[in-house]
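Reviewing the structure listed below.
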Amino acid sequence: MHMNQFKSLLPSLLFILSATAIVSCNQNEKKAESQPTSTSSTSPIEGEWETVSADGKITQFKMWHDGFYSLIMQDSLGKWTAAAAGSYSIDGNTYKETIRYHSNPEYVGASDWQTFELKGDTLYFKGFDKVVYADGSDKTSQFDKFEEKRVRANK
């Protein structure tokens, strides 16, 4: 990785790491206050995933852990363009995420619903089924539908 690429990536990575640490601490405190200690089931999508474009370039890196997600995105030229983090839940094959942090402040507090299917180590998402901003306004019609394929990140 060239030094200039690393310098442009560093702020996004620091944002994601900071957001993950803050939210994880807050979630652990809330769990300790509201729930007895128990073993919870792990989400089938838990882990690290990469979205790969048709030309084989990684366009997004997303992590899911214990009801929390974080992501960074890049454009086709490799420039990091967005970072976000928040909570998620799964009901059947319906995925809902609520944005707590985003590089575009307009999205903070918004929730979106998507459909997913897990086949082995490949994760397919379709969306946006519904998008609601923090003020309760339905913004679904303002977002293009998408289909994406994710693969587990190489370790």
Side-chain angles (χ1 to χ4, degrees), residues 1-27 42-135 137-155:
M1 179 179 287
H2 293 83
M3 185 56 84
N4 287 341
Q5 289 175 317
F6 179 75
K7 285 181 182 177
S8 67
L9 174 61
L10 189 58
S12 293
L13 289 174
L14 290 175
F15 171 80
I16 293 294
L17 292 173
S18 297
T20 301
I22 290 168
V23 172
S24 293
C25 289
N26 288 342
Q27 285 181 340
T42 302
S43 165
I45 65 172
E46 187 143 325
E48 303 80 26
W49 297 82
E50 298 168 331
T51 303
V52 181
S53 64
D55 61 3
K57 293 183 180 179
I58 297 170
T59 59
Q60 189 181 107
F61 181 80
K62 194 166 189 175
M63 296 180 294
W64 285 281
H65 177 70
D66 197 24
F68 183 77
Y69 77 92
S70 60
L71 69 89
I72 52 175
M73 296 174 66
Q74 63 184 190
D75 64 18
S76 61
L77 300 175
K79 179 182 175 194
W80 295 100
T81 57
S87 60
Y88 80 93
S89 62
I90 293 176
D91 184 11
N93 70 335
T94 299
Y95 170 84
K96 175 188 176 189
E97 65 184 24
T98 300
I99 301 166
R100 293 179 75 179
Y101 308 95
H102 201 288
S103 52
N104 180 344
E106 178 182 6
Y107 298 145
V108 172
S111 293
D112 70 82
W113 288 257
Q114 303 170 27
T115 305
F116 79 95
E117 181 178 7
L118 179 60
K119 292 182 179 179
D121 276 347
T122 305
L123 183 57
Y124 300 90
F125 271 92
K126 292 181 183 180
F128 291 102
D129 298 335
K130 185 175 183 180
V131 178
V132 177
Y133 275 22
D135 65 4
S137 59
D138 187 329
K139 301 290 186 176
T140 307
S141 64
Q142 296 178 13
F143 288 83
D144 294 333
K145 297 289 185 188
F146 72 88
E147 291 186 21
E148 63 187 15
K149 175 182 170 183
R150 296 176 184 274
V151 294
R152 289 209 183 261
N154 292 327
K155 294 184 180 191

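Annotation: side chain to side chain contact (heavy atoms under 4.5 Å, CB included) contacts of I90 (sequence neighbours excluded): S43, P44, I45, Y88, Y95, F116. In terms of the side-chain hydrogen bond (donor to acceptor under 3.5 Å, both in side chains) criterion, D91 has no residue partners (sequence neighbours excluded). For F128, the ring pair (Phe, Tyr, Trp, His ring centres under 6.0 Å) test picks out F143, F146, with sequence neighbours left out. Residues forming a side-chain hydrogen bond (donor to acceptor under 3.5 Å, both in side chains) with S141 (at least two apart in sequence, or on another chain): none. Every residue was checked against the side-chain hydrogen bond (donor to acceptor under 3.5 Å, both in side chains) condition with T122, not counting sequence neighbours, and none meets it. By the side-chain hydrogen bond (donor to acceptor under 3.5 Å, both in side chains) test, S89 is found to be paired with no residue, residues two or more places apart in sequence or in another chain being considered.
T51 approaches R150 most closely through the heavy-atom pair OG1-NH1, 2.9 Å. Annotation for G120 and L118: closest pair O-CD1, 3.4 Å, computed over non-hydrogen atoms. Listed here is the closest heavy atom pair of A82 and S103: CA-OG, 3.3 Å.
Side-chain contact between E48 and F61: present, with at least one pair of heavy atoms (C-beta onward) separated by less than 4.5 Å. V52 is not listed as a side-chain neighbour of K149, based on a closest heavy-atom distance of 4.5 Å or more.
Pairs passing the salt bridge (Lys or Arg N to Asp or Glu O under 4.0 Å) check and including a residue from residues 49-61, sequence neighbours excluded, do not occur. Screening residues 115-127 for salt bridge (Lys or Arg N to Asp or Glu O under 4.0 Å), with sequence neighbours left out, gives E117-K119, D121-R152.
Looking only at distances, a side-chain donor or acceptor of T140 sits under 3.5 Å from a matching main-chain atom of V131.
In this structure, OH in Y69 is found 15.5 Å from CD in E46, a value given to the nearest 0.5 Å. The structure places CG of L71 at 8.5 Å from CD1 of I99, a figure rounded to the nearest 0.5 Å.
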(Q) Is there a salt bridge (Lys or Arg N to Asp or Glu O under 4.0 Å) between E97 and K62? Walk through the geometry before answering. (A) CA-CA 12 Å; E97 65 184 24; K62 194 166 189 175; 2.8 Å; yes
Considering only distance and modelled atom types, tabulate donor-acceptor pairs under 3.5 Å from the side chains of residues 106-113, sequence neighbours left out.
unit_1, atom_1, unit_2, atom_2, d
E106, OE2, Y133, OH, 3.3
S111, OG, T98, OG1, 2.8
D112, OD1, Q114, NE2, 2.6

